[in-house]
Amino acid sequence: MTLVQLALAALLLATSLQTQAAGSKDFGEYQVHWSVLPSTFLAPEVARANNLQRSKGIGIINISIMEEGDNGQLVPVSGQVEGKVANDIQQVKFLAFRRIQEGDAVYFIAEYQYLSGELMTFNVTARPTGHQQDLPVRFAHTLFSD
């Protein structure tokens, strides 16, 4: 199972367990999609293969930049993603996103630390390759350790 497939399976589980684990924002021809999940949702072999730490208190944020194709279908595109996350007492940590490509899928993943039940606010900026304007998204999410 690829990381994309596993992330989607984990996302479905996370969505059923915790509301608002995923979302998107429309910018016209582009959309930015995000999902957040505990790293423990990843199978140990998938975490190892992708150099991700699997531990309670470590969350994973997954960002995808999508462009509307000629046929109206959304197509993943490359670009750059940067961001930061703040906890409920405004301690800010910068997110180190890594670009991952599997077949046609392109996504950006970063790890962050959290305390169970802590509200985390994400400020992420995506910029598709060749696009001059930043695509900023801001959202909050709470994860609980399993």
Side-chain angles (χ1 to χ4, degrees), residues 1-43 46-55 57-115 117-144:
M1 186 177 275
T2 68
L3 182 60
V4 171
Q5 293 168 327
L6 190 58
L8 289 174
L11 177 60
L12 290 174
L13 179 59
T15 302
S16 67
L17 297 175
Q18 305 172 54
T19 60
Q20 300 178 346
S24 65
K25 184 173 179 182
D26 193 333
F27 292 92
E29 66 181 299
Y30 293 102
Q31 290 182 11
V32 176
H33 293 247
W34 63 84
S35 60
V36 178
L37 58 125
S39 63
T40 54
F41 279 24
L42 297 175
V46 172
R48 268 192 307 278
N50 290 281
N51 197 27
L52 295 168
Q53 188 173 355
R54 188 177 177 276
S55 177
I58 295 188
I60 296 175
I61 177 172
N62 181 1
I63 302 289
S64 296
I65 307 169
M66 308 296 280
E67 180 177 24
E68 189 172 322
D70 295 335
N71 60 0
Q73 296 275 66
L74 290 177
V75 179
V77 296
S78 192
Q80 293 180 318
V81 175
E82 58 186 37
K84 56 189 174 182
V85 61
N87 63 13
D88 49 8
I89 60 171
Q90 300 307 307
Q91 294 171 316
V92 176
K93 301 272 177 143
F94 287 90
L95 298 165
F97 282 96
R98 293 187 291 139
R99 181 183 169 277
I100 297 176
Q101 182 156 0
E102 290 181 349
D104 291 338
V106 179
Y107 50 99
F108 303 85
I109 283 190
E111 298 170 296
Y112 68 96
Q113 293 184 330
Y114 69 94
L115 296 174
E118 183 175 43
L119 179 66
M120 305 298 284
T121 301
F122 298 85
N123 285 291
V124 176
T125 301
R127 180 180 282 188
T129 301
H131 192 66
Q132 299 304 311
Q133 186 175 356
D134 288 341
L135 309 176
V137 294
R138 177 184 166 93
F139 60 94
H141 187 69
T142 301
L143 291 179
F144 296 90

Does atom NZ of K25 have more than 12 heavy-atom neighbours, drawn from other residues, nucleotides or ligands, at distances under 6.0 Å?
->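 Enclosed: over 12 neighbouring heavy atoms sit under 6.0 Å from NZ of K25.
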
Take atom CD in Q101; do more than 12 heavy atoms of anything else shown fall under 6.0 Å from it?
-> yes

Determine whether [X] and [Y] make a side-chain contact, defined as any pair of heavy atoms from C-beta on separated by less than 4.5 Å.
{"X": "V137", "Y": "W34", "result": "yes"}
{"X": "I61", "Y": "F139", "result": "yes"}
{"X": "Y30", "Y": "I65", "result": "yes"}
{"X": "R54", "Y": "F41", "result": "no"}
{"X": "V92", "Y": "V85", "result": "no"}
{"X": "I63", "Y": "V32", "result": "yes"}

Exercise: identify the closest heavy-atom pair between [X] and [Y]:
{"X": "A96", "Y": "A110", "answer": "O-CB, 3.6 Å"}
{"X": "P38", "Y": "Y114", "answer": "CB-OH, 3.6 Å"}
{"X": "F27", "Y": "P136", "answer": "CZ-O, 3.2 Å"}

With a 3.5 Å distance limit and no angle check, can you tell me whether [X] reaches the backbone of [Y] through a side-chain donor-acceptor pair?
{"X": "R98", "Y": "F108", "value": "no"}
{"X": "E82", "Y": "L95", "value": "no"}
{"X": "N50", "Y": "L52", "value": "no"}

Could you give the side-chain donor-acceptor pairs of residues 67-80 under 3.5 Å, partners two or more places apart or in another chain?
unit_1	atom_1	unit_2	atom_2	d
N71	OD1	Q73	N	2.9
S78	OG	R99	NE	2.8

Could you give the distance from [atom1] ([X]) to [atom2] ([Y]), rounded to the nearest 0.5 Å?
{"X": "S64", "Y": "I109", "atom1": "OG", "atom2": "CD1", "result": "8.5 Å"}
{"X": "L143", "Y": "L37", "atom1": "CG", "atom2": "CG", "result": "7.5 Å"}
{"X": "Y107", "Y": "I100", "atom1": "OH", "atom2": "CD1", "result": "4.5 Å"}
{"X": "Q113", "Y": "Q91", "atom1": "CD", "atom2": "CD", "result": "11.0 Å"}

Under 3.5 Å, which donor-acceptor pairs link side chains of residues 118-128 to any protein atom two or more places apart or in another chain?
unit_1	atom_1	unit_2	atom_2	d
E118	OE1	L115	N	3.0
E118	OE2	N87	ND2	3.3
N123	OD1	R138	NH1	3.3
R127	NE	D134	OD1	2.9
R127	NH2	Q132	O	3.3
R127	NH2	D134	OD1	2.8

H33-Q31 side chain donor-acceptor pair, cut-off 3.5 Å = yes

Worked verdict on I60 versus Y112 for side-chain contact (heavy atoms from CB on, under 4.5 Å) | CA-CA 6 Å; I60 296 175; Y112 68 96; 6.0 Å; no

